[in-house]
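A short write-up of the structure that comes next.
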Amino acid sequence: MPEIPKAYDPQSVETKWYSFWEENECFTADPGRVCDARQAYSIVIPPPNVTGVLHMGHVLNNTIQDILARKARMDGKEVLWLPGTDHAGIATQNVVERALRKEGVMKHRDDLGREKLLKHIWEWKEKHGGIIIEQLKKLGASCDWSRLRFTMDKEYTQCVQRVFVDLYKKGLIYRGKRMVNWCPKSLTALSDEEVIMKEQHSRLYYFKVQVVEEPDTWLEIATTRPETIPGDSGFAVNPKDPRYGQLVGKHAIRPLPVENQAHLPIVADEHIDIEFGTGVLKVTPAHDKADFDIGQRHGLEVIDVLEADGRMNNLAGADLAGKDRFEARKEAAAKLEELGALVKVEDYKNNVGFSERADVPVEPRLSEQWFLKYPSQPTARACVADGTLKFHPVRWSKTYDHWMGELQDWCISRQLWWGHRIPVWYRGEEVYCGLETPEGDGWKQDPDVLDTWCSSWLWPFATMGWPKETETLKKFYPTTDLVTGPDIIFFWVARMIMAGYEYRGDLPFRNVYFTGIIRDKKGRKMSKSLGNSPDPLELIGRYGADALRFGTMRSAPLGLDVLFDEKDVELGRNFCNKLWNACRFREMQGGAMEGEIRPELLTSDDRWILLRLGQAITEVTAAFEAYRFSDATASLYRFFWSEYCDWYIESCKATFFGDNETRKANVLAVVDFVMGNTLRLFHPFLPFITEELWHGLGYSGDMPEEQGGKTIMTANWPKVFDNSFNELYGLDDTVDRLVAAKHDLVTQGRNLRAAYNIPFSKKIDYTYNPAGVQDSHEVEVLKVLLNAESVSVGLDVPKGTPRVGSALGDLYLPLEGLIDFDAERERLARELQKVEKEIGKVESKLSNPSFAERAPAEVLEEQRRRLADWQAKRGQINEALEKLSA
RNA sequence: GCGCGCUUAACUCAGUGGUAGAGUGCUACCUUCACACGGUAGAAGUCGUUGGUUCAAAUCCAACAGUGCGCACCA
């Protein structure tokens, strides 16, 4: 017996084959090989954060991409899976700044200055930037690593600048003083997409202000932010509000700051909701977007009372100056109370925008920023609506369309140092936008950098050598599939589509597969603080990469979130082990590999497993076309475990342990044919173990070099069987029915054993009465499947011997005079009950006249046949019961 | 408020009009010569609720309930 370990050990196998693939350049894409017969297939990786580490989201996402890439190679395509990393502006700068503070290198970035901090970040990137790439390799990712890109590579940076200059010249990028979302923690502007609305338990403060012209009249106002009162520059009411109409044009006294109780105009504005609060709004143009607009309409002053970091400034008055905005809120309320202006305070639920990254409330803030008017919006919107670019699942198209319909200009400048610096220089009133530093003295470059997404939206073509018309770009753009999460549909996907049309005149990808979000088994999002996020590398260490991949894909249905449970990975490992052992069993039988199958020697089980293989090929291929990966794994699992291992291998033992050498050779040929195809079907999901077994079983031996000879990666994807194949091997429904009847009989026979408490280890004798003429081999198979000492053919059994039956024949379990008549009667009575119930159901259906009248003929026929089957069964049971009591 | 999902066995999910399924878990038995990361057998579901369409509904339609997500937002 060959020395094959009983359990599959993934570690050494995975290392060995990954090196082999890399050394043999199996992942390298060559545009020169692309032609009509060998079409291009391409994916660009959603670039992970360069300082990041692999998490379960990456595992899901990249496993899917790898599966697609490997399947495409087996389909004979020239595959480019283009990898890279993202500089992730805020996140990376935060990480490095925190580390530098911890090391005592600096307290604040100003201590170092721009150049020195950037040097540190680059050092950090050089040191840690490769980690996630190495981790992807552990997962088995078949990226073309020779094309690894980074969003801050020199060439990539030039692309970003070129696009900026172009859009600036087209008038689509402009600079302006606007209300933006300001993050007081990161000290930068954010785009609307980076603000997350969260429901808060706040307070609604009611306070009153005195009308200057009518000192007896007080207006009551409700606000959630009393600390901004010093920034108020007016009061607004709805012009249709009868309560306040006569006050419009008059003034009221702003209570805070106490040292500057200004008289503010009362204005009328349609925007005011009569129903809400008291119907009077305090207008704070510097700290609220809607208020800013009202202020603009009525010429109200803009009074900024906040510092960039969220502390109050001197304009807020002596009582509040220097205090943080939340502390100032309490302080302002206290002041109002002191003044006797506070009427009441109510608990109040409202939504507040939070910075996605820093998780603090954003501050609407007036500042000078760069904005982008999206290009190619109509085409980008239409291509998804008309299905030129397909979303999977399709329902995301609606979300996309909705967002594309209400595009707001994109705030693209960030007050950070890590990123692409805005290619604009100033000298006095002069502004220069260009790729190179302008000639002459005194130019100062804009200090801001661009939003990271403002570089990654160029990813699909900027990674392929654009703006040069490279061969790669010509052959691999547009890409075929994009795999990403729906959480970045606006951030990234939508913007790439617009950039694609604007700069390539074509869509960037033909299909977008949206993964679900990985959650823990309780349905909670994975997060560091919850500690519910497993380390994929540790899982790979314990179970193997194939196990992790298979387990993840099996539990990730299209369009639904994935509830991750380590049990799934365990299941993956068990599956690999089963595969390993099935091949080990094959090895133990010896014999030549890949012999020709002789149709005339096929057993019914051989034909059946070929049929089931054909079915599996059909199902898995169809699942791929529909991007239904969990369906594919389910089909593979069922076919391999429940059909091939549970039934076929077991039935083969009748041949392998027998002495018909000719038949044995033929069964081995069938086994090799089935396993050769099975390994190929499994390869995209389980790249490592399939490669190991492909070589171990010698299947690579007589394949052409480029079609599986060197590696299973390039073996042909199994073809769905055609008619001539089915005819040659006699694969038709009768085989399926016969073997189903066999399995049914065997299950019932085993059940008899269990019903009479006979342990499986005890060999017993069955008597079999076939329903027609059958190959004697079938009896041998029954013997093996029933784990019987013997199966004798005939009818010679004592009265009352327990019997079961199927279309194949009847099976008796003689109990050597120890028949327990009562037990058998009870068992049959239970059976009878079940059968009667089914008969009742079918009869009531058939006896319904409108059913007979309106149901299609084949349905009617089927029900009649079912009734006959059940009735026959009832007859048999009754007969047996009669014999028992006779 | 608007939009999009989801609700089927204890759990995770398949199931687009005609016999309710899988995996895990559970129960019992079994270290049998590929595999205990295994085998055999078994128990387990008024398919969220109500109504409608139909000979026939888990499946189609409507309403409701629960749950999750996205967008918008009244200070």
Side-chain angles (χ1 to χ4, degrees), chain A residues 1 4 6-8 197 204 221-225 228 236 271-284 288 290-291 294 348 350-351 393 395-396 398-399 402-403 406 486-487 489-490 517 519 521 523 543 547 554-557 559-565 567-568 570-589 628 630-631 633-634 637-638 641-642 645-646 649-650 653 657 746-748 750-755 757-763 786-787 838 841-842 845 848-856 858-860 862-863 866 869-870:
Chain A
M1 195 201 289
I4 309 172
K6 277 173 88 161
Y8 171 58
M197 300 305 277
L204 197 54
I221 299 165
T223 180
T224 53
R225 303 198 61 188
T228 63
H271 171 263
I272 311 307
D273 183 349
I274 297 175
E275 304 295 321
F276 187 87
T278 61
V280 186
L281 175 72
K282 72 187 213 34
V283 185
T284 325
D288 184 281
D291 285 14
I294 294 172
Y348 184 66
N350 65 338
N351 289 316
R395 67 185 149 85
W396 291 109
K398 205 160 177 174
T399 305
H402 185 252
W403 188 77
E406 333 202 315
D487 49 333
I489 187 168
F490 311 136
I517 292 169
R519 298 169 180 281
K521 60 182 168 187
Y543 298 103
R554 199 178 153 280
S555 57
L560 291 178
D561 285 354
V562 186
L563 300 195
F564 177 82
D565 187 341
K567 284 265 178 211
D568 293 320
E570 199 180 312
L571 179 135
R573 179 200 58 182
N574 296 353
F575 188 77
C576 290
N577 193 55
K578 189 77 173 174
L579 180 59
W580 180 257
N581 275 289
C583 293
R584 184 163 164 262
F585 176 73
R586 164 65 188 91
E587 282 283 88
M588 288 173 166
Q589 306 316 313
R628 299 184 64 112
S630 67
D631 284 7
T633 58
Y637 192 100
R638 191 213 60 237
W641 202 306
S642 308
C645 291
D646 287 354
I649 287 193
E650 292 306 317
K653 288 176 182 173
F657 301 156
V746 167
T747 302
Q748 289 188 68
R750 288 164 174 173
N751 176 263
L752 275 185
R753 177 201 283 270
N757 283 321
I758 303 164
F760 195 71
S761 54
K762 188 173 175 200
K763 295 269 182 176
L786 289 162
N787 194 35
E838 290 301 324
K841 273 202 232 170
V842 186
K845 199 169 221 174
N848 182 349
S850 34
F851 174 72
E853 227 170 83
R854 308 210 186 185
E858 69 258 25
V859 172
L860 207 60
E862 197 189 323
Q863 296 298 325
R866 286 191 62 214
D869 286 352
W870 288 118

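Chain naming here is simple, since letters A, B, ... match the order of the sequence lines and numbering starts at 1 in each.
Regarding contacts with the backbone of A75(B), every side-chain N or O of Thr284(A) stays at 4.0 angstrom or more from both OP1 and OP2. Residue Asn574(A) places at least one side-chain N or O under 4.0 Å from the OP1 or OP2 atom of G38(B). Side-chain N/O atoms of Lys578(A) include none lying less than 4.0 angstrom from OP1 or OP2 on G23(B). When the side-chain nitrogen and oxygen atoms of Arg628(A) are compared with OP1 and OP2 of C13(B), none of them lie within a distance under 4.0 Å. An OP1 or OP2 oxygen of C13(B) is reached within less than 4.0 angstrom by no side-chain nitrogen or oxygen of Tyr637(A). For Tyr8(A) and A34(B), the shortest distance from a side-chain N or O to OP1 or OP2 is not below 4.0 Å. Asn751(A) has a side-chain polar atom (N or O) that falls below the 4.0 Å cut-off from OP1 or OP2 of G42(B).
Taking only side-chain atoms of Arg750(A), from C-beta outward, the nucleotide of A34(B), A41(B), G18(B) with the closest atom is A41(B). Taking every side-chain heavy atom of Thr224(A) into account, A75(B) is the closest of U12(B), A41(B), A75(B). Distance from the side chain of Lys567(A) is smallest for U24(B) among the nucleotides U24(B), C35(B), A75(B). Considering only side-chain atoms of Arg395(A), the nucleotide from G5(B), A20(B), A34(B) that sits closest is G5(B). Among A34(B), G23(B), A41(B), the nucleotide with an atom closest to any side-chain atom of Thr747(A) is A41(B). If you check G23(B), G18(B), C74(B) against the side chain of Ala290(A), the one that comes closest is C74(B). Side-chain proximity of Glu862(A) to the nucleotides C74(B), U19(B), G23(B) is greatest for U19(B). Set against G23(B), A75(B), A14(B), the side chain of Pro557(A) has A14(B) as its closest nucleotide. When distances are taken from the side chain of Leu560(A) to each of U19(B), G18(B), C13(B), the shortest belongs to C13(B). The listed nucleotides are C73(B), G38(B), G3(B); the one nearest the side chain of Lys398(A) is G3(B).
Here Phe575(A) lies out of heavy-atom contact (under 4.0 Å) with every strand. Heavy atoms of Gly572(A) sit nowhere under 4.0 angstrom from any nucleic acid atom. Trp641(A) comes within contact range of the sugar-phosphate backbone alone, with a heavy-atom separation under 4.0 Å but no base atom that close. Across all strands, Phe564(A) comes closer than 4.0 Å to no nucleic acid atom at all (heavy-atom distances). Contact annotation for Leu281(A): base contact, defined as any heavy-atom pair under 4.0 Å involving a base atom. Across all strands, Ile272(A) comes closer than 4.0 Å to base atoms (heavy-atom distances). Within 4.0 Å of Ile221(A), counting heavy atoms only, lies no atom of the nucleic acid at all. Glu650(A) comes within 4.0 angstrom of a base, heavy atoms only. Among the protein residues, Ser630(A) comes within range of no part of the nucleic acid, since none of its heavy atoms lies under 4.0 Å from any strand. Residue contacts shown for Pro856(A) include a base, since a base heavy atom lies under 4.0 Å away. Counting non-hydrogen atoms under 4.0 angstrom, Asp631(A) reaches nothing in the nucleic acid. Cys583(A) comes within contact range of no nucleotide atom at all, as no heavy-atom separation falls under 4.0 Å. As judged by a 4.0 angstrom heavy-atom cut-off over every strand, Ala634(A) is placed among residues making no nucleic acid contact.
Side-chain atoms of Asn351(A) and base atoms of C73(B) include a donor and an acceptor less than 3.5 Å apart.
Mapped onto RNA chain B by nearest heavy atom, Ala7(A) and Lys653(A) fall at different nucleotides, with Lys653(A) at the one closer to the 5' end. Take the nearest nucleotide of RNA chain B for Lys841(A) and for Ala222(A): the residue whose nucleotide is more 5' is Lys841(A).
The separation of U59(B) from U53(B), taken at their C1' atoms, amounts to 13 Å, rounded to a whole angstrom. Nucleotides G38(B) and G23(B) place their P atoms 13 Å apart, quoted to the nearest Å. When the C1' atom is compared between G17(B) and C60(B), the two are found 8 Å apart, to the nearest whole Å. Spacing between G45(B) and A63(B) at atom C1', rounded to whole Å, works out to 26 Å. Remark: the separation of the C1' atoms in C2(B) and A72(B) is 8 Å, to the nearest Å. Across the P atoms, A43(B) and G48(B) are found 24 Å apart, a figure rounded to whole Å. Between the C1' atoms of C13(B) and G25(B), the separation comes to 14 Å (whole Å). For the C1' atom pair drawn from C11(B) and G52(B), the interatomic distance equals 34 Å after rounding to whole Å.
Within the 4.5 Å cutoff, the side chain of Leu281(A) has heavy atoms near those of the Asp291(A) side chain.
Other residues, nucleotides and ligands contribute more than 12 heavy atoms inside 6.0 Å of the NZ atom of Lys653(A).
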Determine whether Thr633(A) and Phe575(A) satisfy the following criterion, side chain to side chain contact (heavy atoms under 4.5 Å, CB included), listing intermediate values before the conclusion. CA-CA 11 Å; Thr633(A) 58; Phe575(A) 188 77; over 6 Å; no
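In this structure, G1(B) and C71(B) make a Watson-Crick or G-U wobble pair, each of the two defining distances being under 3.5 angstrom.
Note on Glu587(A) versus Arg584(A): no salt bridge recorded, every NZ/NE/NH1/NH2 to OD/OE distance being 4.0 Å or above.
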